[in-house]
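Structure first, commentary second.
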Amino acid sequence: MQRRRFLTSSLALSVLSLAKEQFGGSLPRMHARNYKFDQIISREVLGNFLSRSICMEGLLNGRGDLDDNIRMLTHIGAKYIARSICLWAGEANLLSNFDRAKEQLRQVHAADPEMVLEACIFEIVTTEVEQVPVPDWAFTALGLPVEKRNFRYETILYALPQRKRSWGKGGGVPDVSQTETQLWFYFLAKSYIDLGFEGIHWGQMEIMDHSDPDLAHYAHLFTLVRAYAKKHARRGMVLCNAHVPSGGLVRNGELLLDFHAFPLRIKEVPDHSQEAVLQVGYLDSIFLRSKGGRTYSGWECEHLPYLVELDNWGVSRHPGEAGQGGDWVWGYDEISWFANQSQQYRSQWLRYALDWVRKTDPDGYLEMPGSRTETSPLNHHRWYYANAPSTKVPDGLEDEEAIRTIWKSDRG
């Protein structure tokens, strides 16, 4: 049996079969929390949503069984659904993905109208963007002459001397200082708001602002997006977040984002096979260094609340082995390492991580894993599902009861 020394016996979580409670037509509620906001969000309500956050990558763009995912989300009491539409490149299929999401989002909100569904605007654009027409309203919002054309790939990218990173043939990193990039980002943000999304994850913002040192272009874009959300979003607001290795984006004392986000940056314990822990100051982890300022909602903070997540980025040449360097965890990215552990260890580790984050930094919140890209060449798994295994989700790893139990006992 593998030794798990990072936990005391009092923290070990035994995942037993729990008798299913009968809710009838009502929603499961762990205990009373306030999830009400209108045009602005209080620190308390924001924290309530973040404390019930879960990654459901691709929920509304064809990943997994929608009915079973909705069942799981309501069963565990999830409220902030991160990456629920998660489109990395593939712009040629963007509009058809919008159509599907429009119908499926209604099903999610029918199950729980309090849920915030998050869309993603990532740090990538490909040549396929030239198949997407620019709507008249996008030109108008940015004060540009209306014309009949599609988006232009080349003018979204950095100027040639600055193109130091690419995503392979036909893919590059957008430059937010470019007018075409702002046009593209505004088009995506408004489209997601119109579909009913109330959260946007803006990816790695800090690799798109090299020509925006004072954040003036980002600030202008966010002003346009939030002005539209104030009039047209479900609750008059869109919650913006991004990965911020610097600790946050602040302009003249004003925070650009409503909350921050970052990978957990899990540290392997080489002397104990497959074990891993969290540590302040490990790599570029965000613990204790989320920047503060004045939020869009009007309240001030020394440190903006943030989410930490089990991120994905691939696998090393030696999966399962320690000492691969960089941010590998036993040769894996974070979610793939997690998915390759035993069910008991996964449940214990989630309890440990939630308690450690809360004790270490009260502004931090653990985003639970629900659905995420996995890269596991040893067992050939390509996706992590927290769902209980069933005919609908045969590859489910049955972590949903552990998450539900942790949240049910969490009064923070």
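Heads up: numbering here begins at 1 and tracks the sequence.
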**Item:** Trp383 six-ring centre to Arg372 NZ/CZ under 6.0 Å and within 45° of normal
**Value:** no
**Asked** Within 45° of the axis and under 6.0 Å from the centre of the six-membered ring of Tyr158, does NZ or CZ of Lys164 qualify?
**Response** no
Would you indicate whether the side-chain heavy atoms of [Y] and [X] approach each other to under 4.5 Å?
X	Y	answer
Ile193	Tyr228	yes
Trp349	Trp337	yes
His217	Leu221	no

**Request:** Kindly write out the residues that satisfy side-chain contact (heavy atoms from CB on, under 4.5 Å) with Val357, not counting sequence neighbours, or none if the list is empty.
**Result:** Leu278, Phe287, Val308
**Request:** Could you tell me which residues satisfy side-chain contact (heavy atoms from CB on, under 4.5 Å) with Arg43, sequence neighbours excluded, listed by chain and number?
**Result:** Trp299, Pro305, Asp363, Tyr365
**Asked** Mind checking what makes side-chain hydrogen bond (donor to acceptor under 3.5 Å, both in side chains) contact with Glu154, not counting sequence neighbours?
**Response** Arg163
Return yes if a side-chain donor-acceptor contact under 3.5 Å exists between [X] and [Y], otherwise no.
X	Y	answer
Asn340	Ser376	yes
His243	Glu123	no
Asn312	Asp333	no

**Item:** Donor-acceptor contact present, side-chain Glu268 to main-chain Gln274, <3.5 Å
**Value:** no
**Request:** Name the orientation class of the two ring planes belonging to Phe187 and Phe151 (parallel below 30°, tilted from 30 to 60°, perpendicular beyond 60°).
**Result:** tilted
**Complete:** Between Asp284 and Pro245, the two heavy atoms sitting closest are OD2-CB, 4.1 Å
